Amino acid sequence: MQDARGDVLYVGKARALRNRVASYVQVERLTKRLQRMVSQTRSMTIVTTNNEAEALLLGSQLIKRYRPRLQRAVARR
């Protein structure tokens, strides 16, 4: 998820992308942190991997590279 300047806000993964994106549309059910993230999101980049191991590795690499400001601090270590 990127903001208006193209800065990465969040790196995530989902087995069911349609369900994950749909959950972000129900803003009233989201935590304040997620509401802020959704309100700042202007675009999403979707990358498909062959399996969950690849997705986890890629996600870790992207978090280390971009240091998304809305990513949980634990995930950024």
Side-chain angles (χ1 to χ4, degrees):
M1 297 180 152
Q2 296 99 13
D3 64 12
R5 295 185 324 191
D7 294 335
V8 177
L9 297 171
Y10 180 76
V11 173
K13 71 174 196 65
R15 286 182 196 244
L17 184 60
R18 179 177 295 191
N19 294 343
R20 175 63 58 88
V21 172
S23 73
Y24 291 138
V25 175
Q26 300 171 1
V27 178
E28 66 282 349
R29 294 184 177 184
L30 299 175
T31 64
K32 294 293 182 190
R33 182 181 76 83
L34 289 176
Q35 287 178 6
R36 183 177 45 177
M37 179 181 70
V38 169
S39 72
Q40 294 176 9
T41 299
R42 294 296 175 264
S43 66
M44 298 173 75
T45 300
I46 298 170
V47 178
T48 304
T49 60
N50 292 317
N51 54 54
E52 188 167 3
E54 281 184 15
L56 290 169
L57 180 60
L58 178 62
S60 178
Q61 292 170 342
L62 292 172
I63 290 168
K64 287 178 183 176
R65 180 184 306 159
Y66 294 110
R67 316 254 328 140
R69 66 178 186 260
L70 296 179
Q71 203 82 31
R72 292 211 180 266
V74 173
R76 290 195 287 186
R77 291 185 188 150

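Because the structure is a prediction, the values reported are computed rather than measured.
- Annotation: salt bridge (charged side-chain N to carboxylate O under 4.0 Å, His left out) contacts involving residues 45-55, sequence neighbours excluded, comprise K13-E52, R15-E52.
- Grouping the Ile, Leu, Val, Met, Phe, Trp and Tyr side chains by contacts below 4.5 angstrom, directly or via other members, places V25 apart from L34.
- A 4.5 Å side-chain heavy-atom check between Y66 and Q71 finds every atom pair outside the cut-off.
- The stretch residues 16-26 participates, sequence neighbours left out, in no salt bridge (charged side-chain N to carboxylate O under 4.0 Å, His left out) pair at all.
- Annotation: side chain of M1 is not in contact with side chain of L70 (no heavy-atom distance under 4.5 Å).
- The distance from the CZ atom of R36 to the CG atom of L30 is 12.5 Å, given to the nearest 0.5 Å.
- Among all heavy-atom pairs drawn from I63 and P68, the shortest one is O-CD, 3.6 Å.
- Every pair passing side chain to side chain donor-acceptor pair (under 3.5 Å) that includes a residue from residues 37-46 is listed here, sequence neighbours excluded: Q2-S43, Q2-T45, Q40-R69.
- The hydrophobic cluster containing V47 also contains L62, counting ILVMFWY residues as joined when their side-chain heavy atoms lie under 4.5 angstrom apart, directly or transitively.
- The same ILVMFWY cluster, assembled from side-chain heavy atoms under 4.5 Å apart, contains both L9 and L17.
- By the 4.5 Å heavy-atom criterion applied to side chains, V38 and Q35 are not counted as neighbours.
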